[in-house]
*Asks:* 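Dumping the structure here so I can ask a few things about it.
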Amino acid sequence: MNASNLALFQWLAAGSQPTPWVLSVASALALWGAWLSAAVLGVALWRHRTDRAYLCVVAAAAGLASLLSHAIAIQLDVPRPFVLGLAPAYIAHAGRGSLPSTHATVMFMVAAAFLLRPSLRRLGLPLLAVATATGWARVYVGVHFPLDIVAGLLLGATVAGALAIGLRVFHLFAARAVHSADVGVGSADRSPWRHS
């Protein structure tokens, strides 16, 4: 266990005597923060008609990011703080591997995908704030180490970056194909062998 990760966890976690109102806020965020992000994605799908195709791809990528995060966590099998007896778990949670945090992976991936799209950037900042607050909350309630959240952020940003690159390459190839088709039609129109 990395000493700085452990020290930061001890500083951020609720410990055995949490402040009741802070624990209430943290528990709500830890349990419902991801649903808040999903709700923003749903509202964006409904209100931003010109971005619907992109948002559907983002939703699919979020599912992929979740599966990828789970697969990595199973392979690494890093125990959670409450499993190690370092803090109580203030929300019900399974004891399976915690690195990276799937909540952080998906939430930061969605926030980054919104920030990378100029027409959605206004919603990206609140999504980033909710992802950050949820990451803190999941450390506070004892189910993650800070490193789990940072790893989720990095994995989510990587998936969002790969998505942006993939979409850019797709659009370049699509534009090239349309241009080639247009040139072909124009060439056929100018052909001396074309019958009137």
*Asks:* Taking the side chain as every heavy atom from C-beta outward, state whether Leu155 and Ser69 have any pair of such atoms under 4.5 Å apart.
*Replies:*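 Of all side-chain heavy-atom pairs linking Ser69 with Leu155, at least one is under 4.5 Å.
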*Asks:* When hydrophobic residues are tied together by side-chain contacts of less than 4.5 Å, even through go-betweens, does Val139 share a cluster with Val150?
*Replies:*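 Cluster IDs for Val139 and Val150 match.
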*Asks:* Could you tell me if the side chain of Phe108 sits less than 4.5 Å from the side chain of Leu127, heavy atoms only?
*Replies:*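 Contact flag for Leu127/Phe108 side chains = no.
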*Asks:* Looking at side-chain heavy atoms only, is the closest gap between Tyr140 and Val22 below 4.5 Å?
*Replies:*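 Yes; the side chains approach each other to less than 4.5 Å.
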*Asks:* In Å, rounded to the nearest 0.5 Å, how long is the span from CG of Leu6 to CG of Leu86?
*Replies:* 6.0 Å
*Asks:* Under a 4.5 Å side-chain heavy-atom rule over Ile, Leu, Val, Met, Phe, Trp and Tyr, are Val25 and Trp35 clustered together?
*Replies:* yes
*Asks:* Which pair of heavy atoms, one from Met109 and one from Ala61, lies closest together, and at what distance?
*Replies:*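 Closest approach of Met109 to Ala61: CE-CB, 3.5 Å.
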*Asks:* Per the side-chain contact (heavy atoms from CB on, under 4.5 Å) rule, which among Ile91, Val141, Thr134 passes with Leu31?
*Replies:*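 Per the side-chain contact (heavy atoms from CB on, under 4.5 Å) rule, the option paired with Leu31 is Ile91, out of Ile91, Val141, Thr134.
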*Asks:* Flag yes if more than 12 heavy atoms outside Trp32 fall under 6.0 Å of its CH2 atom; otherwise flag no.
*Replies:* no
*Asks:* Applying a strict under-4.5 Å side-chain criterion to I, L, V, M, F, W and Y, I'd like to know whether Val110 and Leu36 cluster together.
*Replies:* no
*Asks:* According to a 4.5 Å side-chain heavy-atom criterion applied to Ile, Leu, Val, Met, Phe, Trp and Tyr, with indirect links allowed, do Trp46 and Val58 form part of one hydrophobic cluster?
*Replies:*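 Hydrophobic grouping puts Trp46 apart from Val58.
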*Asks:* Testing the basics here: between Pro100 and Ala73, what is the closest heavy-atom pair and its distance to 0.1 Å?
*Replies:*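 Shortest heavy-atom separation between Pro100 and Ala73 comes out as CD-N, 4.0 Å.
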*Asks:* Would you check if the side chain of Ser27 reaches a backbone N or O of Leu23 as a donor-acceptor pair within less than 3.5 Å?
*Replies:* yes
*Asks:* Of all the heavy-atom pairs spanning Pro88 and Phe82, show the shortest one and how long it is.
*Replies:* C-CB, 4.2 Å
*Asks:* Donor-acceptor pair, distance only, cut-off 3.5 Å: does the side chain of Ser101 make one with the backbone of Ala104?
*Replies:*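 Yes, the answer is positive, given that a donor and an acceptor are paired below the 3.5 Å cut-off.
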*Asks:* Any idea which heavy atoms bring Leu99 and Leu147 closest together, and the distance?
*Replies:* CD1-O, 3.7 Å
*Asks:* Examine distances only and state if a side-chain atom of Arg52 and a backbone atom of Leu45 form a donor-acceptor pair shorter than 3.5 Å.
*Replies:* yes
*Asks:* Do Leu120 and Leu55 have side chains that approach each other closer than 4.5 Å (heavy atoms only, starting at C-beta)?
*Replies:*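 They are in side-chain contact.
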*Asks:* Minimum heavy-atom separation for Val57 and Leu163, please, with both atom names.
*Replies:* CG1-CD1, 3.2 Å
*Asks:* To check you understand the geometry: which heavy-atom pair defines the closest contact between Leu123 and His48, and what is its length?
*Replies:* CD1-NE2, 3.9 Å
*Asks:* Hey, does the side chain of Thr158 reach the backbone of Leu154 with a donor-acceptor pair shorter than 3.5 angstrom?
*Replies:* yes
*Asks:* Roughly how far, to the nearest 0.5 Å, is NE2 of His103 from OG of Ser37?
*Replies:*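 Answer rounded to 0.5 Å: 9.5 Å.
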*Asks:* If you define the side chain from C-beta out and look only at heavy atoms, does anything of Ile74 sit under 4.5 Å from Arg96?
*Replies:* no
*Asks:* Quick one: does Arg121's side chain have a donor or acceptor within less than 3.5 Å of a partner on Phe114's backbone?
*Replies:*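 Checked: no pair found.
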*Asks:* Any side-chain heavy atom of Ile149 sitting closer than 4.5 Å to one from Leu153?
*Replies:* no
*Asks:* With the 4.5 Å side-chain cut-off for hydrophobic clustering, are Val130 and Val106 part of the same group?
*Replies:* no
*Asks:* Measure from the side-chain N and O atoms of Arg80 to the backbone N and O of Gly142, and report whether any donor-acceptor pair falls under 3.5 Å.
*Replies:* no
*Asks:* Quick check against the 3.5 Å criterion: does Tyr54 have a side-chain atom that pairs as donor or acceptor with the backbone of Ala113?
*Replies:* yes
*Asks:* Checking Asn2 side chain against Asn5 main chain: does a donor-acceptor pair fall under 3.5 Å?
*Replies:*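 Looks like yes, one N/O pair under 3.5 Å.
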*Asks:* Mind running side-chain hydrogen bond (donor to acceptor under 3.5 Å, both in side chains) on His93 and Arg138 for me, showing each step along the way?
*Replies:* CA-CA 11 Å; His93 205 289; Arg138 292 184 72 80; 3.0 Å; yes
*Asks:* Is a donor on one side and an acceptor on the other found under 3.5 Å between the side chain of Asp148 and the backbone of Phe145?
*Replies:*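 Yes, because the side chain of Asp148 sits within donor-acceptor range (under 3.5 Å) of the backbone of Phe145.
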*Asks:* Would the distance check show the side chain of Tyr90 and the main-chain N or O of Gly15 forming a donor-acceptor pair, the cut-off being under 3.5 Å?
*Replies:*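 Here the side-chain-to-backbone pair exists.
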*Asks:* Rounded to the nearest 0.5 Å, what's the gap from CD1 on Ile72 to CG on Leu67? Could you check?
*Replies:*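 Rounded to the nearest 0.5 Å, the CD1-CG separation comes out at 11.0 Å.
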*Asks:* Mind checking the CG-CG spacing from Leu172 to Leu167? Nearest 0.5 Å is all I need.
*Replies:*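 Result: 11.0 Å between the selected atoms.
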